[in-house]
Amino acid sequence: MTTGLHASRWLVGALACLALADADAAPLRVRGHSALELRVERAPQGLYLRARLTGDEGAPLADQAVQVSVEGLAGRTFLTDAEGRFELLIAATDARNLAETLGERLAVELSYEGDATWGPAQQTEALELRREPTWVELELDPPRAGLQDAQVAVRAAIQSADGPVGEAPIRLQVGDGPELTGDSDASGQVTFLVRPASLDRAGAFTVRAAYGGDHRYAPSEAASVLRVMRPTRLTLRVGREGDERSGRYRFSGRLSDDRGGVPDATVAIVAGVAGQQAASETVAVTDADGVYLAAVDVRELASRVQGVVEVRARYLPTDGLRSPAESPAARIPVPPPPGVPLGWYALALTLAAANLLLVGAVRQRLLAWLSGLRERWRAAPESGPVLGAEPALVVAPARGADLRKDWLAGSVVDAHHGRTLVRAAILLRREDDGSELRAAPQHGRFAMGPLPPGAWRLMLSAPGYLERETPLQIPHDGSFDGATLALVSVRGRVRDLFVAGMARLGHRVRWGIETPAEAARRVSADPAAAALREAVEQAWFGADAPDADAARRAEVAVESIGSPR
């Protein structure tokens, strides 16, 4: 009996509408993948069909209706329990009657229609009425590996209701690679060793293990996913500006993989005493070349840890495409905050009295100079982005006679730096009947056509980017054939709003040099500043990937500040 175990995967991109011209447009629902597993076990009462419905990452789907159709029997509908499971018993007498009338193999079909959250799933199997049902169990150790790792152990086990099946040939295939065969031992297990370097690239590879069956045991198979990650390298350089008590430490370095610098990656600089848990952590984001830069005030660092401190840079990816990385440790001295001797108080009082005399002598000229400086500061133009301004969605190609007016073709890029987005998703919806066409760019480029004439709506999305849409009339003037479509990253938008909001409060942010908390402390105690700081910290340093709500929270915080000060 073949076991229908399929690895869950996320959708290529989130297909949803962001209303730019029509603020009331409802976003599209994004549905995850679902999968059905089926296991057949023989018992004195008959044949048990035990099934399970799961979503992404193997999470069980409870209270979902699944239709079961067995050849020769009436179709039935089952509701899954809290573990996503349900079972059907084919009585022994029914199994014998079915074998005599329809043969020893019957078609079994499981069907799940999906709902607003989960997509549909279907599983078709051949039910063996005479031979003993079997199922294959598959385990990957580890399930994630780097391209440079030595090997991955793939353990397959063949089981039946009576126990392990020994001396059974099990076939294994990783991705589109060659098929391997090994015989199970007395415990029903066989182990295959896979070298990630032989796969030649990073990514997700489907691993399939199958047992062909014999005169006694029915065939079965199982599948899983091996994720091979790119090797990464992280460097760290430390420099100090000023003295060791009142200066600051500057941290810089580069994150790279086998293809070069890794852009837009979050790097944590952790500091602590050797052998103890890290006491301080600062984050930075790499630029287009993978270079990061951060700074920490010595006094702020000394408030958390003192002595000879070890500092490391760490990279913990969340996309499953790259390996974690850590730099070698750098050792820096961090003295405790200095004490104040009694004699310094007397000196401070003396200096204060002298200052009062000096201020009284130059008061008039000093006030006049400060007043002029204040007026010049107020007259200086405000720095930062223009709120509400966004780059053009469509950059049309050069006009020419060969442009196809019933095609949509081109590439999707990052609006900030023009880098191609390989995980973007494109949705075309017809205005009159609501029919849809979808596309996922290959290597950052896409082509859809020829398209039927009429009014369409073009919608773009990508993980971590603001969704955008625009109307499209087919045939068009040729501007959508070879066009460049630009998406704005959520983090980039939140960063620009933070810089603009701090400028309205009278502070020009040095992004990458000072943290949002340091920038917020330099402005007045404005509730909007605290909200803006919270918005940018959640978007850049939160555990979850930022979405459009993060950008909206930052926009609301900036709008509440009011006019520039």
Side-chain angles (χ1 to χ4, degrees), residues 11-23 25-28 30 262-266 285-288 318-319 383-397 408 410-428 439-441 444-446 457-472 479-480 483-504 509 511-512 516 532 534-542 544-559:
L11 294 174
V12 174
L15 300 176
C17 308
L18 176 64
L20 300 177
D22 182 4
L28 292 175
V30 178
V262 178
D264 298 329
T266 301
V285 178
T286 59
D287 61 15
T318 58
D319 56 6
S383 62
V386 178
L387 296 183
E390 289 189 351
L393 171 60
V394 180
V395 180
L408 174 65
S411 59
V412 183
V413 302
D414 186 297
H416 290 279
H417 46 65
R419 188 176 72 251
T420 301
L421 301 179
V422 297
R423 299 178 63 193
I426 301 166
L427 172 65
L428 276 176
R445 301 194 62 82
F446 65 92
R457 183 160 291 274
L458 168 62
M459 288 161 277
L460 304 174
S461 63
Y465 285 79
L466 296 174
E467 300 155 350
R468 306 183 75 179
E469 69 174 42
T470 186
L472 172 62
S479 60
F480 286 89
T484 300
L485 309 179
L487 286 179
V488 179
S489 70
V490 175
R491 283 196 174 103
R493 180 62 177 163
V494 172
R495 176 197 59 209
D496 292 347
L497 289 168
F498 179 72
V499 173
M502 290 297 103
R504 285 190 171 190
V509 177
W511 186 264
L532 189 57
E534 182 180 357
V536 72
E537 287 181 338
Q538 287 180 355
W540 278 83
F541 315 129
D544 299 327
D547 54 17
D549 290 340
R552 182 56 190 159
R553 287 193 296 270
E555 290 175 357
V556 171
V558 174
E559 291 170 357

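We find the CD-CG distance between E467 and L460 to be 10.0 Å, quoted to the nearest 0.5 Å. The distance from atom CG of D496 to atom CZ of R491, rounded to the nearest 0.5 Å, is 14.0 Å. To the nearest 0.5 Å, the span separating OG1 on T470 from CE on M459 amounts to 10.5 Å.
Shown here for L421 and A462, the closest heavy-atom pair between the two residues is CD1-CB, 4.4 Å. Of all the heavy atoms in V494 and V536, the pair that sits closest is CG1-CA, 3.6 Å. Here the closest non-hydrogen pair linking S479 and A483 is O-CB, 3.2 Å.
The side-chain contact (heavy atoms from CB on, under 4.5 Å) check on D264 picks up H417, R419, with sequence neighbours excluded. For the side-chain contact (heavy atoms from CB on, under 4.5 Å) test, residues two or more places apart in sequence or in another chain that qualify with V285 are T266, W540.
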key: Worked verdict on L458 versus L485 for side chain to side chain contact (heavy atoms under 4.5 Å, CB included)   = CA-CA 11 Å; L458 168 62; L485 309 179; 4.2 Å; yes
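At a threshold of 4.5 Å between non-hydrogen side-chain atoms, the residues L466 and L487 do not count as touching.
In this structure, the side chain of R493 does not engage the main chain of V488 through any donor-acceptor pair within 3.5 Å.
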